[in-house]
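A short worksheet on the structure shown next.
First the proteins, then the strands, lettered A, B, ... as listed; each starts at 1. Bear in mind that the values here come from a model prediction, so they are computed numbers and not experimental data.
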There are 2 protein chains.
Amino acid sequence: MLKLYSYFRSSAAYRVRIALALKSLAYDTIPVHLLRDGGQHNGSAYRGANPQGLVPALQMAERGPVLAQSLAIMEYLDEVHPAPALLPADALGRARVRGLAHMVACEIHPLNNLRVLNYLTQELGVSGAQKDAWYAHWVALGLRAVEDVLARSGDTGRFCHGDTPGLADCCLVPQVFNARRFNCALDAYPTIARIVDACEQLPAFRQAAPDMQPDAEHALAR
Amino acid sequence: MLKLYSYFRSSAAYRVRIALALKSLAYDTIPVHLLRDGGQHNGSAYRGANPQGLVPALQMAERGPVLAQSLAIMEYLDEVHPAPALLPADALGRARVRGLAHMVACEIHPLNNLRVLNYLTQELGVSGAQKDAWYAHWVALGLRAVEDVLARSGDTGRFCHGDTPGLADCCLVPQVFNARRFNCALDAYPTIARIVDACEQLPAFRQAAPDMQPDAEHALAR
């Protein structure tokens, strides 16, 4: 049985949960609480499995190899369990979908995750309002670019690429979930809003959502 | 002829230049200066080609499609020009190499690029010393994790994965170049230092370096 080291609110773990659900792959969740015990991801128990100390990580079997980095995990799942595919069949389409996924994973999320927000307040002493403005700035810049790419391409369909959900949707939905949680306005991104609505109608996306996780703290999961 | 929108000091462009050189693919460099004219990447001319306004971008032919996001571009090149391969032949190996590449591209570089450093000084008013400490913090955290992954795995060879250079090396070398430019100490990462030395002995890596670019400003390129 696959084991996913996960935290219900981790955006990167959420991506992998969607991919696992789209492929109907069963797994056990091993919760790693990012706030308790000084961050369980920093503890030696978890670092023994994943020396990066980041969630998610996917353990392939009892004592099997542990994969880290959400995009690498999703590419692996797509190679080993090819149906339904997370990437299109043509190389240009794959480049477009990977590019959209990386626009979220390399341009927005890394600036807004917990350890970065903690550094801003604890090391640089920025105010709560400045932290929120930082968060909103990178979300707005990043989603603006994603919206422009989606809105001007005929490759965009019901989902980011055509009419089946894929790697880009797996990244976009958790990012939009986070943006909503931080009260970032999404009115300026109608294509993104439409695609996220379409995703959220699918059981796989629903099942992967933070409030559906075994470690969910329900006051925080929406 | 391929056209690469590039800036000599851009770490993400440097990755793609290495990949192109490893595959002996000829291309024209279209310089996009990130500092002149308020940042040429923000201008309408470049945004017409790449609405993300980030370098690099790869144009496939005169009026052909433009690919963005360095990792998506390198994956595309590897699919369309498979030899020499940037990814190993087995799925677990590919996951390991992609994971290492993403440790650089998602965990270190996004926090330390020009627009982020500008936000820190211009919007948050942090001092030069605080900005340097921020830079060094994310480099140290990220390279520590990369070193641990590399040092404890038998898959590490002369390069990040085995004895041929690949996607992870394409990401690691530009990151180490940047770290050196910001005077970050690398003594604690002997495996990384050894691998980067091995890379820098190869003509492809040498040819892709900032000081070898047509738009290089030599006082800034080392």
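- When side chains are defined from C-beta on, B:Cys160 does not count as touching B:Val97, because their heavy atoms never get closer than 4.5 Å.
- Note: A:Leu167 CG to A:Leu71 CG = 6.0 Å, rounded to the nearest 0.5 Å.
- With values rounded to the nearest 0.5 angstrom, B:Leu67 atom CG is found 5.0 Å from B:Met60 atom CE.
- Contacts of A:Leu111 with chain B are made by both backbone and side-chain atoms, with heavy-atom separations under 4.5 Å.
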Could you list each N or O donor-acceptor pair linking chain A to chain B at a distance under 3.5 Å?
from, atom 1, to, atom 2, distance (Å)
A:Gly48, O, B:Arg152, NH2, 3.0
A:Gln69, NE2, B:Glu107, OE2, 3.1
A:Glu79, OE1, B:Arg94, NE, 2.9
A:Glu79, OE1, B:Arg94, NH2, 2.8
A:Glu79, OE2, B:Arg94, NE, 2.9
A:Glu79, OE2, B:Arg98, NH1, 3.0
A:Arg94, NE, B:Glu79, OE1, 2.9
A:Arg94, NE, B:Glu79, OE2, 2.9
A:Arg94, NH2, B:Glu79, OE1, 2.8
A:Arg98, NH1, B:Glu79, OE2, 3.0
A:Glu107, OE1, B:Arg115, NH2, 3.0
A:Glu107, OE2, B:Gln69, NE2, 3.1
A:Arg115, NH2, B:Glu107, OE1, 3.1
A:Arg152, NH2, B:Gly48, O, 3.0

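- Within the 4.5 angstrom heavy-atom criterion, only backbone atoms of B:Ala68 (N, CA, C, O) approach chain A.
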Between A:Leu150 and A:Ile192, does the side chain to side chain contact (heavy atoms under 4.5 Å, CB included) criterion hold? Intermediate values first, please. CA-CA 8 Å; A:Leu150 290 173; A:Ile192 292 174; 3.9 Å; yes
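- Evaluated for a side chain to side chain contact (heavy atoms under 4.5 Å, CB included) with A:Leu25, the options A:Leu77, A:Leu4, A:Leu58 yield exactly one hit, A:Leu77.
- Interatomic distance, A:Leu22 CG to A:Cys170 SG, rounded to the nearest 0.5 Å: 5.0 Å.
- No part of B:Ile73 comes within reach of chain A, as not one of its non-hydrogen atoms sits under 4.5 angstrom from that chain.
- Put simply, CD1 on A:Ile18 and SG on A:Cys199 are 7.5 Å apart, with the number rounded to the nearest 0.5 Å.
- Across A:Ala101 and A:Cys171, no two heavy atoms sit closer than the pair CB-SG, 3.8 Å.
- Of the atoms belonging to A:Ile108, not a single heavy atom falls under 4.5 Å from chain B.
- Nearest heavy-atom pair, A:Ala49 versus A:Pro51, reported as atom, atom and distance to 0.1 Å: O-CD, 3.8 Å.
- Interface check for chain B: of the options A:Gly53, A:Ala91, A:Ala145, the most heavy-atom pairs under 4.5 Å are formed by A:Ala91.
- Ranked by heavy-atom pairs under 4.5 Å with chain B, the list A:Val146, A:Leu54, A:Leu124, A:Val80 is led by A:Leu124.
- Both the backbone and the side chain of A:Ala133 come within contact range of chain B, with heavy atoms under 4.5 Å apart.
- When heavy atoms are compared at a cutoff of 4.5 Å, B:Leu100 does not approach chain A at all.
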Test side chain to side chain contact (heavy atoms under 4.5 Å, CB included) on A:Leu117 and A:Val126; report intermediate values, then the result. CA-CA 10 Å; A:Leu117 301 180; A:Val126 312; over 6 Å; no
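- Interface residue A:Val116: backbone and side-chain heavy atoms are both found under 4.5 Å from chain B.
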